[in-house]
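Accompanying notes for the structure given below.
The sequence lines fix the lettering, A, B, ..., with proteins before strands; numbering per chain opens at 1.
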Amino acid sequence: MATERYNPRASEPKWQKAWETAKLFETKNDDPREKYYVLEMFPYPSGRIHMGHVRNYTMGDVVARFQRANGRNVLHPMGWDAFGLPAENAARDNKVNPRDWTYANIETMKGQLKTMGLSLDWAREIATCDPSYYKHQQKLFLDFWKAGLVERKSAKVNWDPVDMTVLANEQVIDGRGWRSGAPVEQRDLTQWFFKITSMSQDLLDGLETLDRWPEKVKLMQANWIGRSEGLQIRWPLDPATTPSGEDQLEIYTTRPDTIFGASFMAIAADHPLAKKAAKNNPELAAFIEEVRHRGTSAADLETAEKKGFDTGIRAVHPFDPDWKLPVYVANFVLMEYGTGAIFGCPSGDQRDLDFARKYNLPVVPVVMPADADAATFVVDDEAYVEDGVMINSRFLDGLKPKDAFDKVADLLGSRATNDQPMAERKVQFRLRDWLISRQRYWGCPIPVIHCDSCGAVPVPANQLPIELPADVSFDKPGNPLDHHPTWKHVDCPQCGKPARRDTDTMDTFVDSSWYFARFTDPWNGTEPTTLPMVDGPKGWLPVNQYIGGIEHAILHLLYSRFFVRALKATGHVNEVKEPFEGLFTQGMVVHETYRRNGGVHVTPAEVNITETDGVRRATLIATGEDVDIGPIEKMSKSKKNVVDPDDIIASYGADTARWFMLSDSPPERDVIWTEAGVEGAHRFVQRVWRLVSEAAPSLAGVAPAHSTDGEAGAVSKAAHKALKAVGEEIARLGFNKAVARIYELTNALQAPLAAAAAGEANAAMRGALREAVEFLLAMIAPMMPHLAEECWSAIGGEGLIAERRWPAFEPALVVDNEIVLPVQINGKKRGDLTIARDADQSAIERATLSLDFVQKALEGRPPRKVIVVPQRIVNVVA
RNA sequence: GCGGGCGUGGAGAAACUGGUAAACUCAGCAGACUUAAAAUCUGCCGCCUACAAUGGCUUACGGGUUCGAUCCCCGUCGCCCGCACCA
């Protein structure tokens, strides 16, 4: 019997409409069922969705539909990370308004997402560029400010000369701006900061509670926060050599144990002492100037020679008033870390050693391997940084470095200089405060007014939101808000005198640091009056499962963790400790690249691939010329190796694209997009439809039932085992393994379903097949929802399969009564033993020893040992 | 330099807590159906012993622990990622 091919173009919109009409995915906050919040990182509205979005949102949708089928009240929203520089660039290049450009893109992309058949609650849709969104963000800024979590300060900051704005530390990758790729410059500017460093320890500690986060991400965050324990030591300065007003130098070290190996002090070029010393020393002043103007790119730092300049100042060793050490200004000491000053111990640090050799400073070994001889141990051109035992260190000799650390800390800690202890234990962090000011237009305005008399004044809450002006010009480089003729001129809210608005906007990462909290209220476009931070036992937060790219391992994921803490400190949330309980970082979508003779990239759509005798060849469809097949790389416009999701959905349907994204590659790894793979996925779509629709008449009206023996029993066992395995795999996001189990079940059902379609199935078989098909459809429903509905309808299923519960497997059917145990002789498999599942050890042993091949191998001798691992294996040691 | 990960057939991969290596998919080969092709169905598909075996070998390479190692330990090689003058 011939069946019509499944037509996704007709079927998919039909079911999308059916779900929408039934309001299936609109979530209610007062639903009594257990909540489950699944979220994918929201997109930037760049214009069109790409395959990375398809992969990300497919995974999230499988989780959402699966949890819904398991009886949870699922929240699965979508929004738009809608502020950002591309809108300004489009405005400049195409003379469009950034707002119009952004909202047009949102419309297009929303339409594209809808063709994917995602189970999203569009009633909660948000765009961060909407005043109804950023109004709350401005209020949060003011609340954070009041709570001491915001600071306006002058600092050395990263300036991106192409995007014409400052950037946060996290947004500088290898010395370049994360968006523009331009080498960043250091500038001293007064800017707004979120005091993320005030949470350093808590952000570090919190990582330990995130047991459903990838270890890799937690490790990256821990390294970024960069905690170290050390000692801050005040070294007296020799008055005869020191400018007046200075009498001590405070340094930070993690190795106070090596204090007797010290041979010099080094301070940063920006250190106050350096500046003072330079006043009467033109050569030093010139050196400081040179250091300040050095390159700051990664390559510059890599090759920069370690250089110093002796200030002439001498420091006095804390344990020996007669021991004087030179104080250098050094180009490798950073003012931003610790105290901007160090002592150098050449024998214990490679960089200090190189410096000492260059300036002929003493090198005294103070730690040696425990088994070395103190009399002969020397440090030549390689510093000794391992653990060991103290030498040449007076009263520390013989101690372990760790104990020497404590002894120095205790001794100096109890000794006073200038009424202060000479040393204090200090924990240092590498993390810097989050610079959020951006000299750009298309962002959330910072709600502050600068007044000559009152300083920086918060905009009163009842004047929020401070909206962006619509009439801006992008003709001039720089900040359009600053160039606007009238917008910034306002009166001071405090004294009423003429004042100026802050013309900077907030980093767009601020927008995305709390959007997950904004979804918790179904607002349907109606403005809620309060911040919708639903929290506590009935609340939505934290997100149960968050899915997105690894590129946000530090940036967005660290900022969001800070934000939840700040929201708590300001009373916006009460109980939630972390924003994302479970995090999954999915891999990229990659594709072969193609280049014409001459190196110009061409798109996959323009080439034709043939394979003869195992050799793949690519030709340009238009001209027939040969094209070079290049490496597999992340889909990108520049490499032209992109495949448009619209084209795929138009020709194969959304289910095929979804199934391909879930098959084969583990979700955390990159997936290689291939035409053959997509066709394979589509073949499976057609195969399921063919099998189910052809057997449908013989299964109509049949009550699902399982059998325990015979061919029907085999069908039931296959179905129940698959149901169990697929449920477990989806729950742990093992989509590729779930797909493999579904293929296995389909293969097992192939012949029985064909027989049933031919009218050759008895009642028991029809019952088993009916149940098996219902299971199969339940399993594919989260992954290929449209196909599942079409098949469900074909077998006369009631209602929508999207509303049905995940079926329960029968425990008795997923275990076999008779099992086949592999039998090894001396660790090599030599045969099988078929035996009852519950057979005890001695029964298995007896049965094994009576096997022909075992007796032959033993040649009449008793075995040395028989190892029986229940339900796994038997090993006979001959 | 520091920190982390990975390495399994022609390709993507699977293998639970140390227990049958290669499930499942793609590509390929053969057959059935067909006048033919497509589609579909069935079978084969790590390497070697010219063929074949419940022969031997095989999870980057070399060693170790174990009755048994893709998995644990030591060493070597290769690839990838993050951080990087952090005191």
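If Val876(A) and Val739(A) are placed on RNA chain B by their nearest nucleotide, the residue sitting closer to the 5' end is Val739(A). Sequence order on RNA chain B of the closest nucleotides to Gly827(A) and Val172(A) puts Gly827(A) first from the 5' end.
Trp224(A) has its CH2 atom 17 Å from the C1' atom of G4(B), to the nearest Å. Distance, Ile844(A) CD1 to C67(B) P: 20 Å, rounded to whole Å. Here the C1' atom of nucleotide C83(B) and the CD atom of Glu170(A) are 13 Å apart, to the nearest Å. One atom, CD1 of Ile251(A), and another, P of C86(B), lie 15 Å apart when rounded to the nearest Å. The distance between atom CD of Gln350(A) and atom P of G1(B), rounded to the nearest whole Å, is 11 Å. In this structure, Asp257(A) atom CG and A87(B) atom P are separated by 13 Å, rounded to whole Å.
In this structure, Phe355(A) and Tyr359(A) have tilted ring planes: the angle between them lies in the 30° to 60° band. Taking the six-membered ring for Trp and thresholds of 30 and 60 degrees, Tyr743(A) and Phe684(A) have ring planes inclined between 30 and 60 degrees apart.
Distance noted for atom P between C71(B) and C33(B): 49 Å (whole Å). C61(B) and C77(B): their P atoms are spaced 15 Å apart (whole Å). The same atom, C1', is picked in C81(B) and in G31(B); the two are 48 Å apart, to the nearest Å. Rounded to whole Å, the P atom of C51(B) lies 28 Å from the corresponding atom of G12(B). A distance of about 44 Å separates the C1' atoms of A84(B) and G19(B), rounded to the whole Å. Using P as the reference atom, C16(B) and G64(B) are 25 Å apart when rounded to the nearest Å. Atom name P, nucleotides U65(B) and C73(B): the rounded distance is 16 Å, in whole Å.
A syn orientation is assigned to G9(B), its glycosidic angle lying within 90° of 0.
In this structure, C2(B) forms a base pair with G82(B), meeting either the Watson-Crick or the G-U wobble geometry with both donor-acceptor distances under 3.5 Å.
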Name every donor-acceptor pair, under 3.5 Å, that has one atom in a side chain of residues 664-676 of chain A and the other anywhere in the protein, sequence neighbours excluded.
unit_1: Asp670(A); atom_1: OD1; unit_2: Met588(A); atom_2: N; d: 2.9
unit_1: Thr674(A); atom_1: OG1; unit_2: Gly677(A); atom_2: N; d: 2.9
unit_1: Glu675(A); atom_1: OE2; unit_2: Tyr652(A); atom_2: OH; d: 3.1

Check your understanding: Which letters describe nucleotides 5-16 of chain B, given B = protein heavy atom under 4.0 Å from base, S = only from sugar-phosphate, - = neither?
Key -> -------BSSSB
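Residue Val869(A) is classed as a base contact, given a heavy-atom separation below 4.0 Å to a base.
For the OP1/OP2 pair of C41(B) and a distance below 4.0 Å, the side-chain nitrogens and oxygens of Gln750(A) include at least one atom meeting the criterion.
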